[in-house]
Amino acid sequence: MVKYIFVTGGVLSSVGKGILTSSIGKMLQSRGLNVSVVKIDPYVNVDAGTMNPYMHGEVYVTDDGGETDLDLGWYERFLDLNLRKENNLTTGMVYKAVIEKERRGDFLGRCVQIIPHVSNEIKSRIRAVGKGSGADVVLTEVGGTVGDIEGLPFLEAIRQMRLEEGYENTLYVHVALVPILDVTKEMKTKPLQHSVNELRRIGIQPDIIVARSPEMIDSEALRKIALFGTIPENAVFCSYNVETVYQVPLILDEQGMSEFICKRLCYMDCKRDLSKWKKFVDTVLHPEHEVRIALVGKYAGLADSYVSMNEALKHGGAACKAQVCVQYIESESFEKNPEKVEVLKNFDGIFIPYGFGPRGTEGKIAAIKFARENHIPFLGICYGFQLAVVEFARNVCGLKEANSTEINPKAPYPVIDLMPEQRKVEIKGATMRLGAHRIIIKPNTMAYALYKGEEIYERHRHRFEVNLRYLRKLEKNGLVFSGKSVDGRRMEILELPDHFFFFATQFHGEFKSRPQRPDPEYYGFVKACLDRKMGKSKPSFA
Ligand code: GLN
């Protein structure tokens, strides 16, 4: 019998529902339970793939090629799961399915309504995750804020699930902001009280309330939250500010949250063991070294645009007991002031992330040139890989105006070009080359030293690739493609053997990086930055 935990949020968005949901999952895992997670996004987009990262943060990519909300990344990192498209539910997806059924005649003769047709579709999708994953507990996080119009059908669906699944098989967790006033230093619970009321108006009485506050709430605030929320005081928990989000399961467990949940869901005798997680958190909190990395990107204004990359760098750092300090630099700033690129001298490594469209690309190319010429460790991901090819073609192979046709469709040397199968694609949603694909690694290369094998599967999200017409020229001039698709026609990894660490991939290693199992390319990059800083003649990898 699968049990269901529902997480809703109040007062404002970005209150930490994703981290809370992941943390609850982690606590339950530490008690021997199998968990899976569903993220509900009440927007009308069918998936996150068509949204600008500046508005919504990064698009996360699953093994099966789902373009999902970035919270799935947090679930995968905390819970070491490989989720699928089905784990992210949107209004667009649900309505599309209901309308397709209606057109097919599945509801023939009936008037199709939000209740029951849309709410049934939502429930059946949540339950399908329960069945398909073999989980003991399915956590469902409802995105947005309680009271949003677009969230209503989802709240209605989870309300009904209490009736259908039973009290001991369902649990509602509500998290809301408890601000502390600057002037009086008072903790204010009124906004939280209002959001609990809003939830009740829909018919959901929370079983647990989590106060999201800068500091641990005091007993007065706790008493008020319990009283106005109509729950016992031992069902109120506080998620206060911590140094790293990976601490959240530990602080909530300490407050007795996992014990409370297990009792409430009738899981007796579930002993917990969070020791491995604690060990990882300790390494993060007590680093022995520091590495400074410049991330030269186009969405530098919003850290959420690069969240998986940032986390993967931290995981790599933890494996070498190093704190990784990432400075975001808007690549356009190098275009306005070309001499500004010199600031990159002050960093241990240069990182070029994913990206789309022409804006800021010349600045990124300038940064790559600087890394190559000054032997500063370099890692490029996806667009970073493609622009490294452009830079090499221009400045080493002498193909002066080499470019990607994404940037200049009339480039005289289109070293990066649209993939052949993309030429006929007109629809934008879910039509890139997506998800995990097999890659063959060349022996005696840096890639081989990092991946320790001849075959890997990595996640992708792109439309362009290295143009095979220029392959010989690039290789003759010293660029090594150390990873290729199985048919050898798709370039996946590049490296420069005479460089300390110059490495880039068409795929996104960050999506498979886990706290205690850092992705090899991110680990390799951070380790190389550290080794070079320590004056070693070449990097060594564990
Ligand atoms: N814009 C490039 C492409 O579509 C790179 C995409 C990316 O960086 N994810 O191929």
Side-chain angles (χ1 to χ4, degrees), residues 47-54 56-63 65-68 70 73 295-300 302 304-310 312 328 331 351-365 367-368 378-391 393 402-409 411 414-437 439 458-468 470 481 483 485 489-494 503-513 519 521-522:
D47 61 41
T50 50
M51 270 185 277
N52 184 329
Y54 239 145
H56 194 69
E58 80 174 14
V59 175
Y60 192 76
V61 180
T62 52
D63 267 346
E67 295 177 282
T68 74
L70 59 82
L295 184 154
V296 184
K298 166 179 169 186
Y299 314 111
L302 181 72
D304 258 359
S305 309
Y306 302 116
V307 57
S308 291
M309 298 182 148
N310 206 4
Y328 297 88
S331 54
F351 179 83
I352 309 288
Y354 75 95
F356 293 88
R359 183 170 75 79
T361 47
E362 288 303 323
K364 291 183 187 174
I365 292 169
I368 296 167
F378 162 77
L379 179 64
I381 302 287
C382 206
Y383 218 13
F385 165 91
Q386 297 173 359
L387 296 177
V389 172
V390 171
E391 193 279 325
N403 217 334
S404 162
T405 52
E406 180 174 4
I407 301 163
N408 176 9
V415 289
I416 302 292
D417 201 6
L418 208 55
M419 285 181 268
E421 69 270 29
Q422 286 285 331
R423 291 184 203 283
K424 38 189 186 305
V425 171
E426 279 169 18
I427 289 171
K428 287 278 183 251
T431 54
M432 286 192 227
R433 179 172 181 244
L434 291 165
H437 293 277
I439 293 156
E458 294 285 341
R459 300 184 193 174
H460 296 73
R461 184 171 187 253
H462 64 125
R463 286 188 208 280
F464 294 80
E465 66 175 350
V466 174
N467 186 342
L468 289 177
Y470 295 92
F481 288 104
S485 60
R489 298 182 64 78
R490 222 141 244 177
M491 300 307 115
E492 291 277 9
I493 308 178
L494 69 76
F503 198 85
T505 63
Q506 181 61 76
F507 56 81
H508 296 255
E510 66 275 14
F511 295 138
K512 285 177 74 175
S513 186
D519 170 75
E521 59 177 326
Y522 284 83

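As the structure lists them, so they are numbered: ligands from 1, and atoms in each ligand from 1. Not measured: the values here are computed from a predicted model.
Remark: the T505 side chain and the E521 side chain contain an N/O donor-acceptor pair separated by less than 3.5 Å. In summary, the side chains of E58 and S308 do present a donor paired with an acceptor at a separation below 3.5 Å, with no hydrogens or angles considered. There is no side-chain donor-acceptor pair under 3.5 Å between Y470 and D417.
Comment: R433 engages E492 in a salt bridge, judged by a side-chain N to carboxylate O separation of less than 4.0 angstrom.
Residues forming a side chain to side chain contact (heavy atoms under 4.5 Å, CB included) with S485 (at least two apart in sequence, or on another chain): D487, R490.
Within 4.0 Å of ligand 1, protein heavy atoms belong to Y354, G355, F356, C382, Y383, Q386, E406, R461, H462, R463, F464, H508, listed by chain and number.
When side chains are defined from C-beta on, F511 does not count as touching R461, because their heavy atoms never get closer than 4.5 Å.
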